[in-house]
Amino acid sequence: MSVRRVTLATLLTTITAVLFFSMGQYSAERLLARQQAERDARIDALQAQLQRTLARIDRPQPALTSAGTTGVLAEQREALAVEVKKQLQSEMGLLPVQLLRSRRESFVELYAYDNQGKTNYGTAGYLGHGYFITVKHGVVPLPDEAASRAAMDRKIESIRLSWGKTRVNARVVDAGDANVEVHSGDWAVLKVDGEVDLPPLRIRTDFPYDFAEPIFRLGNDYSKGIILSTGYVGQRTGNGLVTCLTDGHPGVSGGGVLNQDGDLVGIPIGRMQGDYRFSFILPVRAEMFRKIPQLLPPMPSLEPIAPPAGMVAGPASVPAVATVAVQ
C-alpha cells in the first residue's frame with residue numbers, strides 16, 4: 001500500500017512540475033513575442049515617418065525659389081536619412097560596423113610571464129601616449145590565503161603586448177586596490193616606450209549603465225585574437241560592478257566595454273563560476289586615470305555665480321592642480 005502511495009505522490013509531483021514548467025515557458029515566449037512586436041511596430045513607425053518626409057521633400061517646389069534649391073533639398077534628404085538611421089540603430093541596439101572595426105584596432109593581446117614558467121593571457125585597451133588599461137589580476141599576482149607557498153611566491157617578471165606583427169614590453173605604472181579577482185579595484189595602467197601606432201579610445205566615466213542598455217565587448221577570447229561580443233546591461237552590484245550577459249571567455253579580462261557611441265565605459269573583469277555568459281563589468285572612473293589625467297575628456301566649464309545684490313565677491317581660493325608629465 002505504501003509503495004502505491006509513494007508512486008502516486010511521485011507521479012503527481014512530476015505532473016505538477018511539468019505543468020508549471022510548461023506554463024513558465026509559455027509565459028516567457030509570450031513576453032518575448034510581445035517585445036518583438038513592440039519593437040517591430042516602432043521600426044515600422046520610423047520607416048513610415050521617413051517615407052512621408054521624403055515624399056514631402058520631393059514635392060515640386062514653387063517657382064520663386066532661388067538658385068541652388070536642388071542642393072539644399074539633397075542636403076535635407078541626407079541629413080534626414082542620417083537622423084533616421086541613428087534612431088533605428090539606437091532603437092535596435094546597434095553600432096555601425098565601421099565604428100566597431102575601428103575600435104577593434106584599439107585593443108591588443110596581453111601576455112604576462114611569471115617566475116615559475118607560467119603565462120597569463122588577457123587584453124588591454126589603448127588610451128594614448130603609450131598608456132594601456134587592463135585588469136590588475138592579469139599583471140599583478142593577487143594575495144590568496146588558501147594558496148600554496150609556491151603560489152604565494154609567484155612574481156610577474158615581464159609583460160608583453162601584441163598586435164599585428166608588433167611585440168612590445170610593458171610595465172605597470174598604476175593599479176587599483178584589489179586583493180581578489182572580480183573586485184572594484186581590479187584595474188591597472190600599463191606604459192610602453194616608443195611610438196604606438198594605434199587609435200586611442202574615447203573615455204566616458206559618467207555612463208549610467210541603465211537596465212537593458214546595449215553594450216559591446218571586445219577581448220582576446222581564448223588567446224585567439226580580439227573578438228566582438230554583444231550584450232545588455234543587467235544590475236549594479238553592491239561592490240561597484242555591473243552584471244551583464246555577454247561572453248566572458250578566458251582572455252577577455254582587461255578588454256573593453258563600449259556604449260553605442262563607441263566610447264570606453266567599462267572593463268570586463270570576470271564571470272560567474274561555471275557560466276561563461278554571466279559576466280561582470282568594472283565601470284571606468286576618474287580614479288583609474290589619476291596618474292594620466294590629461295587623457296580624460298575635458299570637464300564642462302562652470303559659469304561663475306554672480307554675488308547677490310549689494311554684496312561684493314571676495315578673492316576665491318583656487319586649489320593647486322598637480323601636473324603629470326607624459327613619459
Side-chain angles (χ1 to χ4, degrees), residues 86 89-108 110 122-128 131-136 138 174-176 178 182-190 198-221 226-249 252-271 277-290 292-300:
K86 287 182 179 179
Q89 289 173 345
S90 176
E91 189 64 39
M92 300 179 68
L94 302 176
L95 197 64
V97 174
Q98 291 301 325
L99 180 58
L100 286 172
R101 288 173 178 169
S102 66
R103 290 294 181 271
R104 177 191 179 280
E105 302 301 321
S106 301
F107 294 94
V108 302
L110 179 149
T123 316
Y126 186 54
L127 302 174
Y131 290 95
F132 293 79
I133 191 165
T134 187
V135 287
K136 180 179 180 179
D174 198 9
V182 192
H183 185 284
S184 60
D186 191 6
W187 58 269
V189 174
L190 310 178
L198 294 174
L201 292 159
R202 292 198 312 257
I203 304 166
R204 181 177 174 185
T205 58
D206 61 347
F207 185 64
Y209 280 98
D210 294 328
F211 177 75
E213 186 78 17
I215 51 177
F216 306 84
R217 190 275 297 158
L218 291 104
N220 180 24
D221 294 61
I226 305 302
I227 296 176
L228 170 71
S229 178
T230 61
Y232 297 89
V233 172
Q235 305 284 345
R236 285 187 175 271
T237 67
N239 61 344
L241 305 179
V242 175
T243 63
C244 69
L245 289 180
T246 181
D247 296 333
H249 301 142
V252 306
S253 291
V257 176
L258 310 180
N259 64 1
Q260 284 188 277
D261 295 324
D263 301 328
L264 179 69
V265 298
I267 306 171
I269 64 170
R271 59 177 175 84
R277 285 287 293 168
F278 194 98
S279 303
F280 294 96
I281 299 170
L282 174 61
V284 295
R285 56 185 190 270
E287 175 197 3
M288 300 176 180
F289 312 97
R290 58 195 176 190
I292 45 174
Q294 67 275 18
L295 300 185
L296 283 173
M299 297 295 291

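What's counted below: heavy atoms across the whole structure, side chains too, no hydrogens, waters or symmetry copies. Just so it is clear, the structure is predicted and the values come from calculations on it, not from any experiment.
- For the pair Asp186 and Lys136, the salt-bridge criterion is not met [side-chain N within less than 4.0 Å of a carboxylate O].
- Looking only at side-chain heavy atoms (C-beta outward), Glu105 and Tyr126 stay at 4.5 Å or farther from each other.
- The heavy-atom pair separating Ser106 from Pro199 by the smallest distance is OG-O, 2.6 Å.
- Taking both residues in full, the closest heavy atoms of Gly138 and Leu110 are given as O-CD2, 4.2 Å, listed atom of the first, atom of the second, then distance.
- Two residues are said to be in side-chain contact when any heavy atoms from C-beta on lie closer than 4.5 Å; Phe207 and Glu213 meet this criterion.
- The nearest pair of heavy atoms linking Met288 to Ile267 is SD-CD1, 4.5 Å.
- For the pair Ser253 and Val135, the minimum side-chain heavy-atom distance is below 4.5 Å.
- Using a 4.5 Å heavy-atom threshold, the side chains of Leu198 and Phe107 count as separate.
- Nearest heavy-atom pair, Leu241 versus Pro283, reported as atom, atom and distance to 0.1 Å: CA-CD, 4.3 Å.
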**Request:** Give the intermediate values and the outcome of side-chain contact (heavy atoms from CB on, under 4.5 Å) for residues Leu264 and Val257.
**Result:** CA-CA 6 Å; Leu264 179 69; Val257 176; 5.8 Å; no
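- When the salt bridge (charged side-chain N to carboxylate O under 4.0 Å, His left out) test is applied to Asp210, no partner is found at least two apart in sequence or on another chain.
- Summarising the geometry, atom CZ belonging to Arg103 is positioned 4.5 Å from atom CG belonging to Leu99; distances are rounded to the nearest 0.5 Å.
- Looking only at distances, a side-chain donor or acceptor of Thr243 sits under 3.5 Å from a matching main-chain atom of Gln235.
- In this structure, Arg236 contributes its side chain and Val242 its backbone to no donor-acceptor pair below 3.5 Å.
- Ring pair Phe280/Phe278: centre-to-centre distance below 6.0 Å.
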**Prompt:** Going through the checks in order, is the side-chain contact (heavy atoms from CB on, under 4.5 Å) test met by Phe289 and Val189?
**Reply:** CA-CA 8 Å; Phe289 312 97; Val189 174; 5.5 Å; no
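- No side-chain heavy atom of Arg217 sits less than 4.5 Å from a side-chain heavy atom of Leu228.
- Side chain of Asn220 to main chain of Ile226: no donor-acceptor pair is present (N/O by atom type, distance under 3.5 Å, no hydrogens or angles).
- Residues Trp187 and Thr134 have side chains not in contact (no heavy-atom distance under 4.5 Å, counting atoms from C-beta outward).
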**Request:** Please lay out, stage by stage, how Arg290 and Asp174 fare under the test side-chain contact (heavy atoms from CB on, under 4.5 Å).
**Result:** CA-CA 9 Å; Arg290 58 195 176 190; Asp174 198 9; 2.8 Å; yes
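- Note: Asp263 CG to Ile203 CD1 = 10.0 Å, rounded to the nearest 0.5 Å.
- No donor-acceptor contact under 3.5 angstrom links the side chains of Thr246 and Ser279, judged on distance only.
- Annotation: side chain of Gln260 is in contact with side chain of Phe216 (closest heavy-atom distance under 4.5 Å).
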**Item:** Verdict with reasoning, Leu295 to Tyr131, per side-chain contact (heavy atoms from CB on, under 4.5 Å)
**Value:** CA-CA 9 Å; Leu295 300 185; Tyr131 290 95; 4.1 Å; yes
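- Remark: the backbone N or O of Asp261 is paired with a side-chain donor or acceptor of Asn259 at under 3.5 angstrom.
- For the pair Pro268 and Gly255, the tightest heavy-atom approach, listed with the atom from each and the gap, is CD-O, 3.3 Å.
- Taking CZ of Arg202 as the reference point, atom CG of Leu258 lies at 9.5 Å (rounded to 0.5 Å).
- With rounding to the nearest 0.5 Å, the separation of CD1 in Ile269 from OG in Ser184 is 8.0 Å.
- With contacts defined as side-chain heavy-atom distances shorter than 4.5 Å, the pair Leu218/Thr123 does not qualify.
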